[in-house]
Novice: 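Next up is a structure, given as structure tokens.
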Amino acid sequence: MSGAAMIGSAPDSWGVWFPDDPRQTPWERFLDEVAAAGYTRIELGPYGYLPTDPSRLRDELDKRGLTVTAGTIFEHLHRADSWDTTWKDVSAAATLTAAMGARHLVVIPEFWRDPQTGNVLEDALLTDEHWVAYAAQMNRLARRIREEFGLQIQFHPHADTHVDTHENVERFLHETDPDLVSLCLDTGHISYCGGDNLKLIGDHPERIGYVHLKQVDPAVIAAVHEQGIGFGEAVRMGAMCEPPTGIPDMPPILDALANLDADIFTIVEQDMYPCPADRPLPIARRTLTYLQSCGPLR
């Protein structure tokens, strides 16, 4: 059997990283343009960017022919005594996500290096004890999110976090419960951190529950790693680039996903915060056309 890759987009592709920032695309324009680009599925983006009143948001989505695939939220459960503050944020995002009829919640680990300034905030490596405790907290979070909201946690490895390299993603998968925690495989972040997307899909097909389709510029990434540049500055340098100009190569990724025995949302993302207001829409259109030419998408 084989599944289907179901394409969508996200506020990230319109330069949106924060709930409210004057340098970002206003939410009404994002919704108008993502629909105009040809997408029918979106993520919610940072909680509070789109309206948080379910009735209002549903009206705004319906009149543009859009549906929600997932909510997105950061967590910091690797830190001691972090449950209450994490749950406050995650449960708010989960409430809106479930109200929109979505089934997934993309959870991203907090940065060890400030994404804007590049300043180191904490140790970049977790100890063995921290790994075990972190995994236990993630299992707890996933179980409670499933029980209270009916959502599946999709954990998103990310540059400048503790779950970044191929080795660390493998360790995270080993430490967490496969019945509770799946991966949001972000192809750009895996490549950014030197990982192998195809190997992760091949070695852990049952753990791939959701995908962000993204490419990185290998020349920029080489400079970023050589100079120890933080993620925010790397994005401003053009680390995340428009397909098909970067890596990983998209057709093999889409083929591998099509061979999974599951229907998977594949959400187009291109980090480019901040960006001119007129830049995202043409890129979104070109990217959709390109990806549709690469393999089976619906």
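These numbers come from the heavy atoms of this one structure, side chains and all, not from hydrogens, waters or symmetry mates. Note that this is a predicted model, so its numbers are computed, not measured.
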Novice: Give me the atom names and distance for the closest heavy-atom approach of C275 to P280.
Specialist: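 Shortest heavy-atom separation between C275 and P280 comes out as SG-CG, 3.9 Å.
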
Novice: Are side-chain heavy atoms of R41 and F265 found at a separation under 4.5 Å?
Specialist: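 R41 reaches F265 side chain to side chain.
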
Novice: How many angstroms lie between CG in L151 and CZ in R144, if you round to the nearest 0.5 Å?
Specialist: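 So the CG of L151 and the CZ of R144 are separated by 13.5 Å.
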
Novice: Looking only at heavy atoms, what is the nearest atom pair of D186 and G188, with distance?
Specialist: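 Residues D186 and G188, closest heavy atoms: OD1-N, 3.0 Å.
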
Novice: Mind checking whether V268 and I7 have side chains closer than 4.5 Å, heavy atoms only?
Specialist: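 A side-chain contact under 4.5 Å exists here.
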
Novice: Which value, rounded to the nearest 0.5 Å, describes the distance between L57 atom CG and L44 atom CG?
Specialist: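 These two atoms lie 6.5 Å from each other.
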
Novice: Between the main-chain N or O of H76 and the side-chain N or O of S82, is there a donor-acceptor pair closer than 3.5 Å?
Specialist: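 Flag set: sc S82 to bb H76 pair under 3.5 Å.
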
Novice: Does one hydrophobic cluster hold both L141 and I108, with members joined at side-chain heavy-atom distances below 4.5 Å?
Specialist: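 In one cluster: no.
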
Novice: Calculate, to the nearest 0.5 Å, the distance between atoms CG and CG belonging to L200 and L173 respectively.
Specialist: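 With rounding to 0.5 Å, CG (L200) is 7.5 Å from CG (L173).
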
Novice: Minimum heavy-atom separation for C294 to P251, with atom names?
Specialist: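 So the minimum-distance heavy-atom pair works out to SG-CG, 4.0 Å.
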
Novice: Is it the case that the ring center of F74 lies less than 6.0 angstrom away from the ring center of H156?
Specialist: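 When the ring centroids of H156 and F74 are compared, they turn out to be at least 6.0 Å apart.
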
Novice: Heavy-atom distance under 4.5 Å between the side chains of I247 and Q215, does that happen here?
Specialist: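 Answer no - side chains too far apart.
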
Novice: Can you confirm whether the side chains of E170 and H204 place a donor and an acceptor under 3.5 Å from each other?
Specialist: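 Distance-only check passes for E170 and H204.
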
Novice: Please answer whether the main-chain N or O of G48 pairs with a side-chain N or O of T52 as donor and acceptor at a distance below 3.5 Å.
Specialist: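 Judged by distance alone, no pair lies under 3.5 Å.
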
Novice: With side chain to side chain contact (heavy atoms under 4.5 Å, CB included) as the test, would you mind laying out the steps for M272 and M240 before giving the verdict?
Specialist: CA-CA 7 Å; M272 47 185 181; M240 302 299 181; over 6 Å; no

Novice: Check step by step if side chain to side chain donor-acceptor pair (under 3.5 Å) holds for H130 and T127.
Specialist: CA-CA 5 Å; H130 284 146; T127 66; 3.1 Å; yes

Novice: In this structure, is the centre-to-centre distance between the rings of F172 and F155 below 6.0 Å?
Specialist: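 That pair passes the under 6.0 Å test.
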
Novice: Which pair of non-hydrogen atoms, one from A159 and one from C193, has the smallest distance, and what is that distance?
Specialist: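 Scanning both residues, the minimum pair turns out to be CA-SG, 3.7 Å.
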
Novice: Measure across A37 and L288 and return the closest heavy-atom pair with its distance rounded to 0.1 Å.
Specialist: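 A37 and L288 have their closest heavy atoms at O-CD2, 3.5 Å.
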
Novice: Quick one: sort the Y210 and H212 rings into parallel, tilted or perpendicular, breaks at 30° and 60°.
Specialist: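 Perpendicular.
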
Novice: Would you indicate whether the side-chain heavy atoms of E75 and Q137 approach each other to under 4.5 Å?
Specialist: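 No, their side chains stay 4.5 Å or more apart.
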
Novice: Quick one: does Y134's side chain have a donor or acceptor within less than 3.5 Å of a partner on E129's backbone?
Specialist: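 Judged by distance alone, no pair lies under 3.5 Å.
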
Novice: Test side chain to side chain donor-acceptor pair (under 3.5 Å) on W112 and D160 and set out the steps.
Specialist: CA-CA 6 Å; W112 58 261; D160 284 0; 4.8 Å; no

Novice: Check whether H225 reaches the backbone of G194 with its side chain - one donor and one acceptor, N or O, closer than 3.5 Å.
Specialist: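 Not confirmed, H225 side chain does not pair with G194 backbone.
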
Novice: Is there a side-chain contact between R286 and E242 in this structure, where contact means two heavy atoms from C-beta onward sitting under 4.5 Å apart?
Specialist: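 Answer yes - side chains close enough.
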
Novice: For atom NE2 of H174, decide whether the heavy atoms of other residues, nucleotides or ligands shown that lie under 6.0 angstrom number more than 12.
Specialist: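 Not more than 12 within 6.0 Å, no.
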
Novice: Report the C-alpha separation of E28 and E60 in whole Å, then their side-chain angles, then the decisive distance to 0.1 Å, and conclude whether the side chain to side chain contact (heavy atoms under 4.5 Å, CB included) test is met.
Specialist: CA-CA 9 Å; E28 298 94 333; E60 296 288 350; 5.6 Å; no

Novice: Ring centres under 6.0 Å, that's the criterion: do H162 and F111 meet it?
Specialist: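 Centroid separation for H162 and F111: 6.0 Å or greater.
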
Novice: Counting C-beta onward and ignoring hydrogens, is there a side-chain heavy-atom pair between I73 and V106 closer than 4.5 Å?
Specialist: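 I73 does not reach V106 side chain to side chain.
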
Novice: Are any side-chain N or O atoms of S13 and backbone N or O atoms of S9, one a donor and one an acceptor, separated by less than 3.5 Å?
Specialist: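 A pair under 3.5 Å: no.
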
Novice: For residues W17 and P274, determine if any side-chain heavy atom of one lies less than 4.5 Å from a side-chain heavy atom of the other.
Specialist: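 Not touching, per the 4.5 Å side-chain cut-off.
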
Novice: With clusters defined by side-chain heavy atoms of hydrophobic residues (ILVMFWY) lying less than 4.5 Å apart, directly or transitively, does L185 cluster with L291?
Specialist: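 Yes, same cluster.
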
Novice: What is the distance from atom OG1 of T266 to atom CD1 of I253, rounded to the nearest 0.5 Å?
Specialist: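 Result: 11.5 Å between the selected atoms.
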
Novice: Please evaluate residues L180 and R146 with respect to the criterion side chain to side chain contact (heavy atoms under 4.5 Å, CB included), reporting the C-alpha separation (whole Å), side-chain torsions for both, the decisive distance (0.1 Å), and the verdict.
Specialist: CA-CA 8 Å; L180 293 172; R146 179 181 294 178; 3.9 Å; yes

Novice: Check step by step if side chain to side chain donor-acceptor pair (under 3.5 Å) holds for T176 and R207.
Specialist: CA-CA 11 Å; T176 52; R207 302 297 293 273; 3.0 Å; yes

Novice: Please answer whether the main-chain N or O of H158 pairs with a side-chain N or O of D164 as donor and acceptor at a distance below 3.5 Å.
Specialist: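 A pair under 3.5 Å: no.
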
Novice: Measure from NZ or CZ of R140 to the centre of the six-membered ring of W83, then state whether that distance is under 6.0 Å and the direction lies within 45° of the axis.
Specialist: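 Yes, a cation-pi geometry.
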
Novice: Do V235 and F18 share a hydrophobic cluster (ILVMFWY, side-chain heavy atoms under 4.5 Å, transitive)?
Specialist: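 The answer is yes; both residues are in one hydrophobic cluster.
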
Novice: Examine distances only and state if a side-chain atom of N139 and a backbone atom of D177 form a donor-acceptor pair shorter than 3.5 Å.
Specialist: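 Side chain of N139 to backbone of D177: a pair is present.
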
Novice: Taking all non-hydrogen atoms of both residues into account, name the closest pair between V211 and L213 and its distance.
Specialist: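 For V211 and L213, the tightest heavy-atom pair comes out as CG1-CD2, 3.8 Å.
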
Novice: Salt-bridge test for R79 and E122: reply yes if a basic N is under 4.0 Å from a carboxylate O, no otherwise.
Specialist: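 E122 and R79: salt-bridged.
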
Novice: Determine, for R171 against E167, whether the closest basic-nitrogen to carboxylate-oxygen distance falls under 4.0 angstrom.
Specialist: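 So R171 does not pair with E167 through a salt bridge.
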
Novice: Kindly say whether D255 contributes a backbone atom to a donor-acceptor pair with the side chain of N259 at under 3.5 angstrom?
Specialist: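 The answer is yes, because a donor-acceptor pair under 3.5 Å joins these two groups.
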
Novice: Please determine which of R236, Q24, R23 meets the side chain to side chain donor-acceptor pair (under 3.5 Å) test together with Y273.
Specialist: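 Only one option passes, and that is R23.
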
Novice: Side chain to side chain contact (heavy atoms under 4.5 Å, CB included), that's the test. Do R285 and Y290 meet it? Break it down for me.
Specialist: CA-CA 9 Å; R285 283 176 167 149; Y290 167 70; over 6 Å; no

Novice: Taking a hydrophobic cluster as the set of Ile, Leu, Val, Met, Phe, Trp and Tyr residues connected by side-chain heavy atoms closer than 4.5 Å, whether directly or through intermediates, do V107 and Y49 fall within one such cluster?
Specialist: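 Shared cluster, yes.
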
Novice: R103 and Q152: side chain to side chain donor-acceptor pair (under 3.5 Å), yes or no, with the steps?
Specialist: CA-CA 6 Å; R103 297 182 292 108; Q152 173 66 39; over 6 Å; no

Novice: Under a single-linkage definition using a 4.5 Å side-chain heavy-atom cutoff for Ile, Leu, Val, Met, Phe, Trp and Tyr, are I267 and V16 assigned to the same hydrophobic cluster?
Specialist: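 No, because I267 and V16 fall into different hydrophobic clusters, even though each may have its own neighbours under 4.5 Å.
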
Novice: Quick one: are H189 and D271 in side-chain contact, heavy atoms under 4.5 Å?
Specialist: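 Yes, their side chains come closer than 4.5 Å.
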
Novice: Can you tell me if T245 and D217 form a side-chain donor-acceptor pair at under 3.5 Å?
Specialist: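 Side-chain D/A pair, T245 to D217: absent.
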
Novice: Find the distance between CD1 (I145) and NE2 (H104) and round it off to the nearest 0.5 Å.
Specialist: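 Going from CD1 on I145 over to NE2 on H104, the span is 14.0 Å.
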
Novice: Report the distance from atom CD of Q154 to atom OG1 of T69, rounding to the nearest 0.5 Å.
Specialist: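 Nearest 0.5 Å value for the CD-OG1 distance: 10.0 Å.
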
Novice: Return the orientation label for the F30 and W14 ring planes: parallel under 30°, perpendicular over 60°, tilted otherwise.
Specialist: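 Rings of F30 and W14: perpendicular, over 60°.
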
